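Index from 1, following the sequence. Bear in mind the structure is a predicted one, so any value in this text is a computation, not a measurement.
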Amino acid sequence: MRQYDYLVVGAGFFGATFAKIMQENEKKCLVIDKNDFVGGLSFTQTIENIDVHRFGAHIFHTSSEEVWSFVNRFARFNSFINSPMAIYKDKVYNLPFNMNTFSKMWDVTTPEQAKKIIMEQTKNSTSTKPENLEEQAISMVGKDIYEILIKGYTEKQWGVDAKDLPAFIIKRLPVRFTYNNNYFNDKYQGIPIEGYTNLIQSMLEGIDLQLNANYFDQKEYYDQMAEKIVFTGPIDQYFGFCYGYLEYRSLDFITEVLDIENFQGNAVINYTERNIPYTRIIEHKFFNPKPNQTKTVITKEYPLAYEKDLPPYYPINNQRNNELYEKYYTLSRTIPTVLFGGRLGEYKYYNMDQAIEQAMQLARQELNP
Ligand code: UDP
C-alpha cells in the first residue's frame with residue numbers, strides 16, 4: 001500500500017482543483033511544487049498594500065456555472081471588468097476591437113460604416129479560410145487595425161512572423177459592433193479580493209503540501225509514494241525531451257513601485273508598436289482597488305525567447321510543436337499511472353477557468369472509470 005492515492009506535481013489551478021475534488025472524495029493526495037509559493041503563475045504578492053500579479057495580469061473569467069461556483073467557494077471576487085487600452089504612436093485605442101476602436105481609427109459613428117470599411121479592407125485577401133494569424137486578423141478587423149494594433153504586438157509577443165502563427169490565437173479576442181470595451185465575452189469575471197495565492201491556499205486546505213520540492217530532483221522517492229501521479233509540468237520535460245524540445249514563449253517582468261497615486265489610469269495598457277520592447281504595462285492597483293493605496297506598482301512585460309531555467313509561459317501551438325506534442329501524448333498513454341494536465345502538461349493555451357474545467361473532468365474520470 002502506498003502512502004497516497006495521488007501525487008500531484010504542481011500547485012497551480014489544475015493541480016489544486018484536482019487535489020481538492022479528490023480530497024472531497026476520500027482520496028489522499030500529496031501536492032508538491034518546486035516554488036516556495038502556491039498558485040503557479042497566478043501568484044500574487046502584496047506590495048504597498050497592492051496585490052501584485054508577479055507573473056502577469058490574471059483576470060478570472062468563465063462562462064461555466066460549475067467553475068464559477070467552484071472558485072467562489074474559496075474566495076470572494078470583485079466585479080472587475082477588463083477593458084484594456086492600446087497605445088500606438090501616442091494615440092490611445094480601446095480594446096477589444098469594438099465601435100470605440102473603429103470610431104477612433106476611422107472617424108465613423110455607426111456599425112454599418114465600420115463594417116463597410118472592414119469589408120473594403122478584406123475584400124482583396126485571397127483566402128476564404130484564414131490559415132494563419134495574419135489572415136485571420138485581417139478577415140476580422142481589416143488591414144488598418146491589423147497593422148496598428150495587432151501585427152507589432154503579436155510579432156514581439158511571439159517572436160515570429162504573424163504568418164507563422166496559428167489563427168486561433170487572435171480568435172481569443174472579441175470583435176464587436178457595439179460600444180462595449182469588455183475584453184471578454186464570458187458571463188462571469190472578477191479578481192479574488194484576497195488575491196489568487198489565498199484562493200489556491202484555501203483550495204489546498206487539509207491537503208498535504210510540500211513547497212520547494214522539485215519532482216525531478218527526487219523522482220524515485222516521489223514515485224513510490226502514490227498509486228498515481230498527476231503531472232502538471234511540461235510534458236516534454238517529464239519524458240526527458242526524448243523526442244526533442246517543445247517550444248515555449250517566455251516573459252520577463254520589470255516591476256517598479258512609484259511614489260505617485262496614478263501612473264496610467266487603467267489596469268492594462270498594451271503597446272502595439274514593434275520597436276517598444278514590452279507588450280504591455282499593468283498597474284496593479286486597478287485590478288483590486290482598496291483604501292490607503294497612496295503609491296502605485298507597475299509591471300512592464302517583456303516577451304523573451306524561452307531558454308532552460310526560464311519559466312515556460314506560453315505553448316507555441318504551431319504545426320511542428322503540435323505534432324511533437326502528439327508524440328509525447330501517445331507516449332504518455334502507455335503509462336496509465338501518470339496523468340498529464342494543465343497548460344504545460346497538455347501543451348495548450350489554457351486560461352485559468354479552462355485549467356479548472358480540465359482538472360474537474362480528469363477527477364471525474366478517475367472517480368468513475
Ligand atoms: N493581441 C494583439 N494586440 C493586442 C492584444 C492582443 O495583437 O493589443 C493578439 C496577440 O497576438 C496576442 C493575442 O492577441 O498574443 C491574445 O491576446 P491575449 O490578451 O488573450 O493574450 P494573453 O493575455 O494570454 O497574453
Side-chain angles (χ1 to χ4, degrees), residues 4-35 37-43 55 58-75 77 186 188 190 192 196-211 213 215 222 226-235 237-238 311-315 317 325 328-329 332-333 335-369:
Y4 293 96
D5 294 301
Y6 292 91
L7 167 75
V8 179
V9 181
F13 270 100
F14 190 100
T17 301
F18 182 87
K20 183 80 221 168
I21 297 174
M22 286 305 173
Q23 177 209 33
E24 290 177 338
N25 285 277
E26 323 301 334
K27 302 284 181 198
K28 205 157 179 258
C29 296
L30 169 65
V31 178
I32 65 170
D33 199 294
K34 66 180 166 45
N35 293 322
F37 50 82
V38 297
L41 296 179
S42 73
F43 175 57
F55 304 109
H58 279 72
I59 299 131
F60 200 92
H61 55 98
T62 186
S63 289
S64 157
E65 302 283 343
E66 192 186 16
V67 168
W68 187 240
S69 36
F70 182 73
V71 290
N72 274 274
R73 287 172 50 201
F74 308 105
F77 280 74
D186 286 317
Y188 304 107
Y196 286 98
T197 307
N198 282 327
L199 187 166
I200 301 273
Q201 262 160 4
S202 140
M203 277 167 80
L204 291 172
E205 224 172 84
I207 297 168
D208 288 354
L209 171 69
Q210 286 180 16
L211 296 177
Y215 172 70
Y222 284 120
E227 301 291 335
K228 278 188 166 182
I229 295 169
V230 172
F231 183 80
T232 71
I235 188 166
Q237 185 185 13
Y238 182 88
Y313 285 92
Y314 295 92
N317 288 108
Y325 166 72
Y328 282 117
Y329 175 74
S332 77
R333 302 295 286 177
I335 39 167
T337 54
V338 186
L339 310 164
F340 293 81
R343 207 186 248 219
L344 302 175
E346 293 173 62
Y347 199 67
K348 296 213 170 61
Y349 191 173
Y350 283 147
N351 294 326
M352 292 177 278
D353 64 319
Q354 294 168 316
I356 293 174
E357 250 176 318
Q358 294 302 317
M360 287 174 158
Q361 200 179 317
L362 181 67
R364 269 195 287 270
Q365 268 168 31
E366 286 299 294
L367 293 165
N368 310 295

Fill in the blank from the handout: Between Asp5 and Glu26, the two heavy atoms sitting closest are OD2-O, 4.4 Å
Exercise for the section: Using modelled atom types only, decide if a donor and an acceptor are shared between the side chain of Tyr222 and the backbone of Leu7 within a distance under 3.5 Å. Expected result: no
Practice task
Compare all side-chain heavy atoms of Thr197 with those of Val38 and state whether any distance is below 4.5 angstrom.
Solution key: yes
Fill in the blank from the handout: Minimal heavy-atom distance between Ala19 and Val31, with the atoms involved, is CB-CG2, 3.7 Å
Handout entry: Other residues, nucleotides, ligands: >12 heavy atoms within 6.0 Å of Arg333 CZ
Key = no
Handout entry: Minimum-distance pair of heavy atoms, taken over all atoms of Asn25 and Leu367
Key = ND2-CD1, 3.4 Å
Exercise for the section: Consider only side-chain N and O atoms of Asn317 and Tyr349, and report whether a donor and an acceptor are under 3.5 Å apart. Expected result: no
Problem - Rounded distance [0.5 Å steps], CZ in Phe340 versus CD1 in Ile229 - result: 8.5 Å
Exercise for the section: Taking the side chain as every heavy atom from C-beta outward, state whether Phe77 and Leu199 have any pair of such atoms under 4.5 Å apart. Expected result: yes
Handout entry: Spatial distance of atom OG (Ser332) from atom CZ (Phe231) [nearest 0.5 Å]
Key = 11.5 Å
Practice task
Would you confirm whether Asn351, through its side chain, and Asp353, through its main-chain N or O, come within 3.5 Å as a donor-acceptor pair?
Solution key: no
Problem - Cation-aromatic face contact Lys228/Tyr6, 6.0 Å, 45 degrees - result: no
Handout entry: Mutual orientation of the aromatic rings belonging to Trp68 and Tyr188 [parallel < 30°, tilted 30-60°, perpendicular > 60°]
Key = parallel
Exercise for the section: Flag yes if more than 12 heavy atoms outside Lys28 fall under 6.0 Å of its NZ atom; otherwise flag no. Expected result: yes
Exercise for the section: For atom NZ of Lys34, decide whether the heavy atoms of other residues, nucleotides or ligands shown that lie under 6.0 angstrom number more than 12. Expected result: no
Handout entry: Backbone of Tyr329 reached by a side-chain donor or acceptor of Tyr347 within 3.5 Å
Key = no
Completion exercise
For Gln23 and Glu205, the nearest pair of non-hydrogen atoms, with its separation, is NE2-O, 3.2 Å
Practice task
Report the distance from atom CG of Leu362 to atom OG1 of Thr17, rounding to the nearest 0.5 Å.
Solution key: 11.0 Å
Handout entry: Pairing of Glu66 and Arg364 as salt bridge, 4.0 angstrom limit
Key = yes
Practice task
Kindly compute the distance separating CG (Leu30) from CG (Leu209), expressed to the nearest 0.5 Å.
Solution key: 8.0 Å
Exercise for the section: State, yes or no, whether a side-chain contact exists between Leu339 and Glu366 at a heavy-atom distance under 4.5 Å. Expected result: yes
Practice task
Answer yes or no: is there a side-chain heavy-atom contact under 4.5 Å between Tyr238 and Tyr215?
Solution key: yes
Exercise for the section: Please work out whether the ring planes of Phe14 and Phe18 are parallel, tilted or perpendicular, with thresholds of 30° and 60°. Expected result: parallel
Exercise for the section: Measure the spacing between OH of Tyr4 and CG of Asp208 and express it to the nearest 0.5 Å. Expected result: 3.5 Å
Handout entry: Qualifying residue, where the test is side chain to side chain contact (heavy atoms under 4.5 Å, CB included) with Phe13 and the options are Met352, Glu357, Arg343
Key = Met352
Completion exercise
Taken to the nearest 0.5 Å, the spacing of Asn35 CG from Leu211 CG works out to 8.5 Å
Handout entry: Phe37 and Phe43 aromatic ring geometry - parallel, tilted or perpendicular at 30°/60° bounds
Key = parallel
Problem - Least distance between heavy atoms, Ile21 atom then Ala363 atom - result: CG2-CB, 3.7 Å
Completion exercise
Between Ala11 and Ile200, the two heavy atoms sitting closest are O-CG2, 3.7 Å
Exercise for the section: Would you please say whether a donor-acceptor pair under 3.5 Å links the side chains of Asp186 and Thr62? Expected result: no
